[in-house]
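Numbered from 1 within each chain, the chains take letters A, B, ... in sequence-line order.
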Amino acid sequence: MATEPAVKSIQLSHRTITLIGRYQEMEIDLLDRQTLLFLFRQMLRLRRMEEALMQEYHPADEMRCPMHFCIGQEAVPAALSLLVEPEDYLFSHHRSHGYYFAKGSPLRELFAEVYGKETGANGGKAGSQDISHHASRFYSGAILSGAVSIAVGAAFGLQIRKSRNISIAGFGEGATDEGAFWEAANYAGLRRLPILFVCENNRYATYSDQLKRQPNDNICERVVTFGVRTRRIFGNDVVKAYLTLREEMARVRGGEGPGLVEAYTYRWNSHVGPEDDNVNNYRPASEIQFWKENCPIRLLQEKLEAAGYLDSQTLGRMEREIAAEIAANFQFAKESPFPSAGDWRAMNWDDSSPLADRLLGAQSRSEFDQSQPEARLEPY
Amino acid sequence: MATEPAVKSIQLSHRTITLIGRYQEMEIDLLDRQTLLFLFRQMLRLRRMEEALMQEYHPADEMRCPMHFCIGQEAVPAALSLLVEPEDYLFSHHRSHGYYFAKGSPLRELFAEVYGKETGANGGKAGSQDISHHASRFYSGAILSGAVSIAVGAAFGLQIRKSRNISIAGFGEGATDEGAFWEAANYAGLRRLPILFVCENNRYATYSDQLKRQPNDNICERVVTFGVRTRRIFGNDVVKAYLTLREEMARVRGGEGPGLVEAYTYRWNSHVGPEDDNVNNYRPASEIQFWKENCPIRLLQEKLEAAGYLDSQTLGRMEREIAAEIAANFQFAKESPFPSAGDWRAMNWDDSSPLADRLLGAQSRSEFDQSQPEARLEPY
Amino acid sequence: MSRLLTYAQAINEALRQSMELCEDVVVLGQLVDYKSGIFGTTTGLVDRFGPDRVQDFPVSENLMTATAMGASLTGLRPVIVHQRLDFMLYSLDAITNWLALWRFKSNGHSNMPVTIRAIVGKRWGQGPQHSKSLHAWFAHLPGIRVAVPATADDVKGLLMESIFGETPAIFVEGRTLFSMTAHVPEQPYRVRFGQATIRRPGKDVTLVAIGVIVPLALRAAAALDKQGIDVEVLDPRTLSPLDVNTLCESVGKTRRLIVADHGWTSFGAAAEIIARIAEILGDNLRARPVRFCLPDSHTPMSMALEDQYYASDADLVSAIQKMF
Amino acid sequence: MSRLLTYAQAINEALRQSMELCEDVVVLGQLVDYKSGIFGTTTGLVDRFGPDRVQDFPVSENLMTATAMGASLTGLRPVIVHQRLDFMLYSLDAITNWLALWRFKSNGHSNMPVTIRAIVGKRWGQGPQHSKSLHAWFAHLPGIRVAVPATADDVKGLLMESIFGETPAIFVEGRTLFSMTAHVPEQPYRVRFGQATIRRPGKDVTLVAIGVIVPLALRAAAALDKQGIDVEVLDPRTLSPLDVNTLCESVGKTRRLIVADHGWTSFGAAAEIIARIAEILGDNLRARPVRFCLPDSHTPMSMALEDQYYASDADLVSAIQKMF
Ligand SMILES: Cc1ncc(C[n+]2csc(CCOP(=O)(O)OP(=O)(O)O)c2C)c(N)n1
Ligand SMILES: Cc1ncc(C[n+]2csc(CCOP(=O)(O)OP(=O)(O)O)c2C)c(N)n1
Ligand SMILES: [Mg+2]
Ligand SMILES: [Mg+2]
């Protein structure tokens with residue numbers, strides 16, 4: 001394939017990336033069989049889960065919340081899932097399923113959540129785009145860049161407690177349109193916080209091309225000037241993703257300060273929901289085709305098969321296990337009861353104060369002398 | 001002075017700048033005598049005006065508003081004052097006097113404004129930190145980076161009207177802490193807007209050193225990655241400031257897209273008011289000394305005298321003219337009446353609508369069919 | 001001549017006609033230039049007026065607002081759109097520290113005729129970050145006008161009034177209204193701010209219904225009619241300015257007041273309306289005034305909780321019955 | 001043991017004691033670590049607790065709020081400070097889209113005990129960008145507590161209650177109170193949210209005074225006493241939760257209500273208080289309720305205009321006289 005440039009020879013960008021044709025550079029030799037199979041299995045699980053949710057979404061209409069699927073973007077979550085520690089914090093945006101999955105948060109609680117059930121991760125209060133799972137330190141939310149900022153705060157908390165854990169923020173290139181993102185980068189760089197920024201650059205924010213919103217496709221070049229190390233990778237190469245994230249997470253964990261990994265990838269579906277949004281005519285067919293051909297699962301599968309690590313029997317077993325897991329999750333979700341509202345106040349305010357009860361006495365009532373003058377301001 | 005590095009040989013930064021000792025690189029040959037004298041006169045006018053305001057501020061206590069003086073930072077405003085056109089827009093921050101001056105807005109209205117008089121630029125509603133003068137297209141405000149964003153909007157307006165005028169935003173390095181600033185840079189770069197960003201880097205935001213707030217003293221390196229041309233200069237060299245701003249304004253005016261000039265400079269006074277804020281012990285005495293020795297006015301004055309462009313007689317005349325002007329401004333301000341409140345509603349809302357009156361007819365009353373169903377939402 | 005148009009079509013027509021009438025009108029907002037066009041409200045505009053005047057904006061809400069403001073200084077009359085009001089929260093500095101006080105601070109020398117459209121999600125799992133309606137906040141701000149149009153004809157007239165007026169305005173548009181129709185005049189016309197409309201005259205109780213609640217209020221009124229309770233449904237159409245005269249006239253007549261609002265109860269718009277009446281009419285009421293608003297809670301996503309969070313026609317009916 | 005402390009000293013003591021009691025307490029804010037220490041309220045803390053726990057923050061208000069939030073997830077109890085409430089407007093996304101709804105959205109699994117201090121300027125030419133008080137906005141938000149402490153003893157107790165409580169709180173601190181003194185107990189103590197205090201008992205009229213207005217209210221009450229009008233001055237101390245019981249008891253007794261507030265009149269906190277009373281007590285009042293608030297206008301800088309914008313003791317006296 002002499003006419004197609006290797007990814008190494010081009011400056012990675014969504015404008016140039018389709019030039020590489022079929023991606024050929026995955027280096028599976030860098031990982032052992034077990035890790036490779038685990039990565040593969042995780043990607044497949046995530047893919048099948050998303051497919052199943054999509055399938056059920058309409059016309060059943062029992063999952064009534066906006067849902068942003070991540071089909072095509074499985075490599076980064078799968079890689080993260082092997083690397084993130086239980087005590088690490090992981091924050092994500094609206095396209096949350098992959099990150100929820102990566103954090104090892106219980107999937108049946110995700111299913112129950114999107115069905116709006118009491119057993120959902122948030123008892124049905126959040127849905128797909130706002131899901132969180134406090135016990136496993138996973139949080140998401142639908143306001144762009146908002147969770148990135150909070151992730152920085154978690155990193156600050158970890159830093160001053162001298163924890164070896166880290167904070168991870170997953171988001172899309174769209175979030176970097178927001179000023180909030182740059183405040184986060186600046187402060188992370190300033191304090192050398194233990195945070196890893198993971199930017200899945202899938203070119204679009206909803207329908208809007210990155211170059212309609214930013215002068216250049218150069219998030220790494222920008223972020224590095226804010227004191228944050230950056231790495232740019234072809235994000236559908238799960239081996240690359242795994243190795244890069246592993247390295248960067250180790251550095252962040254080791255006190256080397258914040259890093260950012262920008263992974264070029266692509267969502268196959270419409271921005272939100274399983275509907276097709278091609279009516280907006282924003283993505284060239286050839287681009288979609290390029291990315292489908294370079295499906296992260298397929299790229300690895302071919303390598304695994306060629307290496308003799310994966311045969312159809314193993315694959316079949318995997319598929320069956322995954323299907324069973326998904327079926328069980330659906331069953332759990334569907335059979336779970338709906339929540340009932342109860343006390344709106346208690347849902348929103350916690351009026352208990354165990355710590356204050358322990359530390360603080362009651363006040364003796366005092367008088368206020370009303371004859372005294374109020375302050376007269378100075379310039380500041 | 002072989003031991004002192006020339007400014008050219010160092011990477012300009014507040015950490016390195018004092019190494020240059022006495023600044024020697026002003027090139028007055030690049031400008032004609034008249035321009036040089038005008039620049040000198042403008043700096044002197046601004047200096048004397050600020051000194052006079054400071055003098056009167058306390059204990060007279062008739063100017064009751066926070067006031068951020070710009071003594072030490074006269075070079076950029078003086079240079080701008082020769083370059084900005086009446087139809088250009090100029091926006092500034094809380095340290096507004098220099099920019100107001102640069103735009104050629106009527107100084108007596110500034111004096112009256114800070115006295116809170118009816119004849120003030122804003123009828124006494126705004127004061128020093130919020131002053132504006134609509135007729136001369138000058139606007140300021142005390143919320144960091146806020147006016148920079150609005151300046152971008154003016155540039156957009158000028159662009160789509162294909163005007164040859166430009167928008168200029170003056171601010172300090174502190175404003176670049178705000179995410180709002182980076183949204184502005186991004187959009188200016190994206191649309192190649194006719195805007196010039198002028199950053200007077202005086203090292204501190206109130207008392208806080210830039211390096212306490214930002215990982216590096218590298219605003220130019222950051223901004224350029226957002227698609228905005230950048231230039232970094234020693235901001236007390238008024239010739240350099242003039243030439244750089246002239247070049248950049250010409251490029252912006254010529255449709256070459258946005259630019260930023262970062263001028264390293266220093267305020268001699270406390271952050272706000274004429275009081276001394278050294279109690280906060282945030283600036284080394286040697287630094288203050290460096291900057292006073294490299295006073296922008298003195299640097300030029302010495303060159304002018306050496307070149308025989310300025311003698312004590314001319315200087316004396318200038319001083320007298322300026323003193324007379326200032327005295328007249330004080331008199332105007334002091335003799336002007338205070339405003340009276342009147343109609344709060346009309347001050348805040350304009351209920352007139354001349355354009356609507358011209359373009360729109362009255363509506364015929366219609367009925368609403370209450371039996372129709374409300375929309376049922378889709379994911380989006 | 002008027003035709004039945006949906007609320008979304010009426011907005012679209014208002015924008016198109018405004019842009020035709022005056023080339024200073026520009027529309028900024030994420031995705032305004034795609035076919036789906038913000039629920040159809042901006043569809044087709046870019047083909048007609050080009051990408052300078054119909055502009056997909058970066059996801060930078062604070063800057064978008066400031067851009068509109070700066071542009072208005074050069075004589076433009078920008079309309080900006082937020083697909084959800086929640087996204088607009090990034091822009092509250094621009095609105096509150098700059099836009100709202102611009103006229104005041106300029107001593108009346110400079111206005112910023114900027115129109116901000118904010119769409120409020122409701123139900124179908126929008127959840128807590130896609131369904132807030134903060135019209136009470138905006139109405140608290142001096143220098144800002146706030147419209148809560150409920151019908152297609154009102155939204156067109158108010159939008160054009162705002163675009164060609166001199167004071168900035170925020171439009172809070174209930175998403176569930178978008179497919180509802182009304183007769184909308186073809187020609188450009190105005191609906192003035194500060195003029196309430198009586199959507200249904202009645203003598204027993206004044207039901208003030210704000211924005212997206214209007215259809216529900218009318219349905220409840222129809223149901224109560226059958227039970228012999230004659231409800232006057234008052235739609236203020238704008239909260240700032242608020243038409244206090246029409247309000248007082250109505251309550252002076254019915255001497256009963258209930259305010260139905262799609263905002264949180266406490267410190268909300270209904271409090272203002274009740275306080276105004278209390279200040280002016282004092283103890284002239286035959287029943288205690290009632291607030292019929294959202295609970296003081298963020299929005300749950302689950303449909304089961306939505307059913308409890310959002311009131312039904314029947315809930316309003318029974319709230320009104322209790323006043324008798 | 002209690003001593004006379006200024007309001008600023010009481011805040012300083014609350015912070016210092018809280019940081020001593022618990023190493024999870026951190027203070028973030030621009031310039032908190034300089035000698036001038038935000039009007040003295042943070043002076044000395046950095047020397048005692050070091051720069052990690054007392055941190056000068058970049059001028060990035062949105063991030064500062066989010067940083068406090070994220071830090072609270074790791075168990076910290078951050079206090080953040082805004083030298084002016086106006087600066088905080090950049091952070092309204094963090095507050096409204098995240099902090100306020102965090103507990104709700106997490107289904108009660110996760111709280112964010114973040115305390116936000118916002119200082120409100122008044123007079124001496126603060127002008128429109130340095131003097132806004134948006135307590136009514138904050139009180140409208142589910143999931144946020146709002147304190148408006150008027151005295152040194154209250155501000156210490158409420159601050160400590162907030163720091164060691166579980167729900168985020170916003171403190172609106174009137175700058176003109178900072179030099180006023182009260183007897184402040186030495187030991188750490190709590191003042192609970194949602195408990196109003198009667199600052200002066202009276203029988204003729206209930207004067208609800210919010211935050212910075214309290215001293216003015218007390219002076220007006222003293223003046224009216226001489227004229228035979230016995231004013232009960234009720235200080236709610238917190239707006240969210242609001243102590244409706246004490247309010248109703250007082251107004252039930254006096255049957256006259258005036259609310260004095262340092263916020264804009266329309267859609268403000270006074271409207272809520274009047275609406276609550278109207279809902280609960282109905283026509284049991286002897287006079288129409290009255291709002292004594294700022295005009296619906298941004299703040300003028302000129303001292304001449306300030307004198308008209310900010311009410312005097314005499315204005316309040318005459319407003320109350322008119323109720324009789
Ligand atoms: C503050 C804010 N503005 C606008 C939106 C609407 N919105 C939802 S998703 C999205 C695009 C996000 O793009 P990106 O960050 O690249 O993530 P992707 O969807 O591509 O994974 C937008 C603009 C939002 N959620 N929040
Ligand atoms: C949003 C906001 N946050 C905080 C402040 C308080 N403040 C006033 S001036 C200032 C420092 C500004 O520094 P810089 O931008 O460098 O300008 P300089 O004063 O040095 O000229 C700060 C933090 C403000 N005005 N606005
Ligand atoms: Mg994207
Ligand atoms: Mg500075």
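- Atom CG of C/Asp307 is separated from atom CZ of A/Phe338 by 9.0 Å, given to the nearest 0.5 angstrom.
- A donor-acceptor pair under 3.5 Å is formed between the side chain of A/Asn348 and the backbone N or O of C/His298.
- The stretch residues 197-211 of chain A places A/Ala205, A/Thr206, A/Tyr207, A/Ser208, A/Asp209 near chain C, each with some heavy atom under 4.5 Å from a heavy atom of that chain.
- With a 4.5 angstrom heavy-atom cutoff, A/Ser340 touches chain C via backbone and side-chain atoms both.
- The minimum heavy-atom distance linking C/Gln126 with A/Pro66 is given by the pair NE2-CG, 4.3 Å.
- With a 4.5 Å cut-off on side-chain heavy atoms, A/Asp277 and C/Ser36 do not count as touching.
- Interface residue A/Asn280: backbone and side-chain heavy atoms are both found under 4.5 Å from chain C.
- Of all the heavy atoms in A/Gly146 and C/Tyr90, the pair that sits closest is N-OH, 3.5 Å.
- Pairing each heavy atom of C/Asp296 with each of A/Trp349, the nearest pair is O-CZ3, 3.5 Å.
- Distance check, rounded to the nearest 0.5 Å: NZ of C/Lys35 to CG of A/Asn278 gives 11.5 Å.
- Across all non-hydrogen atoms, the minimal contact from C/Asp33 to A/Lys212 is OD2-NZ, 2.7 Å.
- If you measure heavy-atom distances from C/Leu305 to chain A, the contacts under 4.5 Å come from both the backbone and the side chain.
- No other option in C/Gln308, C/Arg123, C/Gln30, C/Gln55 has as many heavy-atom pairs under 4.5 Å with chain A as C/Gln308.
- Nearest heavy atom pair, residue A/Cys65 against residue C/Gly125, reads CB-O, 3.7 Å.
- In this structure, OG on C/Ser297 lies 9.5 Å from CG on A/Asp343, to the nearest 0.5 angstrom.
- A distance of 10.5 Å separates CG in C/Leu63 from CD in A/Glu178, rounded to the nearest 0.5 Å.
- Heavy-atom distances place the backbone of A/Ala126, and not its side chain, under 4.5 Å from chain C.
- Classification of the C/Trp124-A/His58 ring pair by plane angle, with boundaries at 30° and 60°, yields tilted.
- Annotation: A/Asn281, atom CG; neighbour count of heavy atoms from other residues, nucleotides and ligands within 6.0 Å does not exceed 12.
- Contact count versus chain C (heavy atoms, under 4.5 Å) is highest, among A/Arg213, A/Arg345, A/Met347, for A/Arg213.
- Ranked by non-hydrogen atom pairs under 4.5 Å with chain C, the options A/Gly179, A/Gly141, A/Gly123, A/Gly174 are led by A/Gly141.
- In this structure, no portion of A/Ser128 lies under 4.5 Å from any heavy atom of chain C.
- Contacts between residues 263-270 of chain A and chain C, defined by a heavy-atom separation under 4.5 Å, are made by no residue at all.
- Side-chain N/O atoms of A/Asp177 and C/Ser60 include no donor and acceptor closer than 3.5 Å.
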*A/Arg64 and C/Glu306: CA distance, side-chain angles, deciding distance, side chain to side chain contact (heavy atoms under 4.5 Å, CB included) verdict*: CA-CA 11 Å; A/Arg64 293 200 191 156; C/Glu306 283 179 340; 5.9 Å; no
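- For the set A/Ala180, A/Gly127, A/Gly120, A/Pro339, the entry with the most heavy-atom pairs within less than 4.5 Å of chain C is A/Pro339.
- Contact annotation for C/Tyr309: both backbone and side-chain heavy atoms come within less than 4.5 Å of a heavy atom of chain A.
- For C/Arg53, the CZ atom counts as densely surrounded, since its 6.0 Å shell holds more than 12 non-hydrogen atoms of other residues, nucleotides or ligands.
- A search for side chain to side chain contact (heavy atoms under 4.5 Å, CB included) contacts involving C/Val290 returns C/Ile258, C/Met323, not counting sequence neighbours.
- Below 4.5 Å, heavy atoms of chain C meet heavy atoms from A/Glu113, A/Val114, A/Gly116, all part of residues 109-118 of chain A.
- Both the backbone and the side chain of C/Glu61 come within contact range of chain A, judged by heavy atoms closer than 4.5 Å.
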